[in-house]
Amino acid sequence: MKARLTFSVHDLAATRFAVSPMWEVVTSFRALAAAVTPDPHRGWAEQVRPRLAAAGLDHGWLADMIPPAGHLPDFLNPAPATPSPGLSAELAAIAATGPEQVRRDLDWLAAERDDRLSPRLRSLHRAPSAHLPRIVAEIEVYWRLAIAPYWDRIRSVLEADIFHRGRQVAEHGTSHALDGLHHTVRWASGSLHLEDRHCAVTRIETGAGLLLVPSAFAWPRVLTRSVVPEPPQLAYPARGIGTLWERRTYEHLEALAAVIGRSRALMLSELESPVSTTELAARSGLSAAGVSQHLTALRAAGLVSSHRAGRSVLYARTGLADALLTAQT
């Protein structure tokens with residue numbers, strides 16, 4: 001299916017970019033639900049799947065609502081009110097979704113499934129307000145297990161994409177930036193043409209403007225959302241996702257080690273992916289007690305973040321630590 005989104009001068013002026021935590025929740029869960037995990041994310045999926053299974057999220061609300069392909073419930077992706085809203089702001093918008101919107105989205109899902117919804121979704125259809133808090137609670141758990149430990153790295157890729165697109169707008173104009181979003185997106189004659197669409201998108205079904213949302217997990221497709229009176233949303237694969245999970249090497253750690261100590265510098269270099277104290281001790285050769293002491297100091301300095309996953313606590317580098325390590329290469 002092809003779609004054509006026309007633009008007035010006002011629509012073009014109201015076009016903006018945003019980073020959305022909920023788009024990463026929805027697209028990452030879809031990547032996990034796929035029969036074959038997309039190539040860029042296989043390492044990440046291998047790490048998070050056991051955590052999700054242990055928490056029962058592999059057969060929870062999200063599993064019922066987010067299929068590997070087809071329609072996604074629009075209420076899960078409220079329009080970001082700011083360029084970079086926090087997850088809590090988007091969850092508040094989900095919790096405040098009107099019953100009509102929830103039922104409309106579920107009716108779309110039912111139509112794709114031969115009018116068959118799970119018992120859980122049928123109960124949501126009957127009483128949306130009673131069940132939305134449970135969905136919000138499950139999303140919070142999913143975020144903690146699957147996204148939060150990696151969020152600094154993901155967000156840096158998304159923000160770098162927006163910086164690149166913004167520079168394109170400044171140097172070549174908005175039409176050039178829109179034309180380069182994806183091979184299925186083309187700007188021509190005052191309209192944005194979208195090919196290979198699951199659902200049509202027209203101005204009749206949307207509000208003014210356009211909201212462009214780079215995503216680490218949308219690859220290889222472009223996803224859209226149209227809910228009046230909000231602007232249409234277009235979630236597209238961000239640049240740089242091919243190297244998102246690559247392990248980097250840091251050849252010049254001595255300068256950083258001179259400031260924070262060699263053991264702590266080496267520990268930071270090992271935190272390419274979130275790990276527990278026990279695993280980091282095995283990698284570094286330090287005792288678990290020594291690793292714990294170093295992690296406490298690094299966390300106090302804003303170089304490490306901690307994330308509870310069941311009975312374990314995972315430690316991850318922050319954006320500040322990434323910047324320090326990158327400065328040494």
Co-membership, hydrophobic cluster, residues W187 and V169, 4.5 Å side-chain: no
Derivation and outcome, side chain to side chain contact (heavy atoms under 4.5 Å, CB included), residues I162 and V19: CA-CA 9 Å; I162 292 177; V19 170; 3.7 Å; yes
D161/R165 salt bridge by N-O under 4.0 Å criterion: yes
S129 side chain near T97 side chain, heavy-atom distance below 4.5 Å: no
Inter-residue atom distance D58.CG - L32.CG, 0.5 Å rounding: 10.0 Å
Within 6.0 angstrom of R239 CZ, more than 12 heavy atoms from elsewhere: no
Main-chain N/O of A289 paired with S292 side-chain donor or acceptor, under 3.5 Å: no
Side chain Q233, main chain V213, donor-acceptor under 3.5 Å: no
Backbone of G209 reached by a side-chain donor or acceptor of D11 within 3.5 Å: yes
R144 (side chain) donor-acceptor with A309 (main chain) under 3.5 angstrom: no
Backbone N/O of G302 and side chain of T318: donor-acceptor pair under 3.5 Å: yes
Matching residue for H41 among W219, F217, F29 - test: ring-ring contact (aromatic ring centres under 6.0 Å, His included): F217
Minimum side-chain heavy-atom gap L212-T15 below 4.5 Å: yes
Co-membership, hydrophobic cluster, residues L234 and L72, 4.5 Å side-chain: yes
CZ/R122: more than 12 non-hydrogen atoms of other groups inside 6.0 Å: yes
Expected output: side-chain E24 to main-chain A216 donor-acceptor under 3.5 Å: yes
L181/V222 under side chain to side chain contact (heavy atoms under 4.5 Å, CB included): CA gap, chis, key distance, verdict: CA-CA 9 Å; L181 289 174; V222 168; over 6 Å; no
Whether over 12 other heavy atoms sit under 6.0 Å from R299 CZ: no
Value rounded to 0.5 Å, distance of CD1 in I147 from OG in S28: 3.5 Å
R317 and S273: side chain donor to acceptor below 3.5 Å: no
Residue pair L271 / L280: nearest heavy atoms and the distance that separates them: CD2-CD2, 4.2 Å
Gap between atom NE2 of H172 and atom CG of D179 - 0.5 Å precision: 12.0 Å
H10-S8 side chain donor-acceptor pair, cut-off 3.5 Å: no
Minimum-distance pair of heavy atoms, taken over all atoms of A208 and P232: O-CD, 4.3 Å
Donor on one side chain, acceptor on other, D64 and S118, under 3.5 Å: yes
Full working for side chain to side chain donor-acceptor pair (under 3.5 Å) between H307 and S305: CA-CA 7 Å; H307 310 271; S305 59; 2.8 Å; yes
Backbone of W23 reached by a side-chain donor or acceptor of T27 within 3.5 Å: yes
Within 45° cone of W61 ring axis and under 6.0 Å: R120 NZ or CZ: yes
Note, L256 side chain near L325 side chain (heavy atom, < 4.5 Å): yes
Residue pair A235 / A218: nearest heavy atoms and the distance that separates them: O-CB, 4.3 Å
Common cluster, V259/L320, ILVMFWY with side-chain heavy-atom separation under 4.5 Å: yes
E138 side chain to L62 backbone, donor-acceptor under 3.5 Å: yes
Distance-only donor-acceptor check, side chains S123 and H125, under 3.5 Å: no
Nearest-0.5 Å distance, OG1 of residue T224 to CG of residue L211: 12.5 Å
Closest approach of L268 to A321 (non-hydrogen atoms, all atoms of both residues): CD2-CB, 4.2 Å
Min side-chain heavy-atom separation V102-H131 under 4.5 Å: no
Trace of the side chain to side chain contact (heavy atoms under 4.5 Å, CB included) decision for R225 with L76: CA-CA 10 Å; R225 177 189 188 269; L76 292 177; over 6 Å; no
Distance in Å, D74 CG paired with S226 OG, rounded so as to fall on 0.5 Å steps: 7.0 Å
Rounded distance (nearest 0.5 Å) linking atom CD1 of I94 with atom CE of M22: 4.0 Å
P274 versus P149, closest heavy-atom pair with distance: CG-CB, 3.2 Å
Contact check, side chains of P214 and Y236, non-hydrogen atoms, under 4.5 Å: yes
R42, CZ: over 12 other non-hydrogen atoms inside 6.0 angstrom: yes
Shared hydrophobic cluster for L314 and L87 (ILVMFWY, side-chain gaps under 4.5 Å): no
Close side-chain approach of P21 to W143, heavy-atom, < 4.5 Å: yes
P220 backbone acceptor or donor facing H182 side chain under 3.5 Å: yes
Salt bridge (Lys or Arg N to Asp or Glu O under 4.0 Å) evaluation trace for E171 with R167: CA-CA 6 Å; E171 294 179 353; R167 186 168 182 173; 2.9 Å; yes
Expected output: side-chain E112 to main-chain H71 donor-acceptor under 3.5 Å: yes
Which atom of A18 lies closest to which atom of T82, heavy atoms considered: CB-O, 3.9 Å
Same apolar cluster: F163 and V157, side chain cutoff 4.5 Å: no
Side chain to side chain contact (heavy atoms under 4.5 Å, CB included) between L194 and T184, intermediate numbers included: CA-CA 6 Å; L194 299 100; T184 63; 6.0 Å; no
Validation row: R153, E272 side chains within 4.5 angstrom (heavy atoms): yes
Y150 and W245 aromatic centres sub-6.0 Å: yes
Heavy-atom check, side chain of L178 versus side chain of R186, under 4.5 Å: no
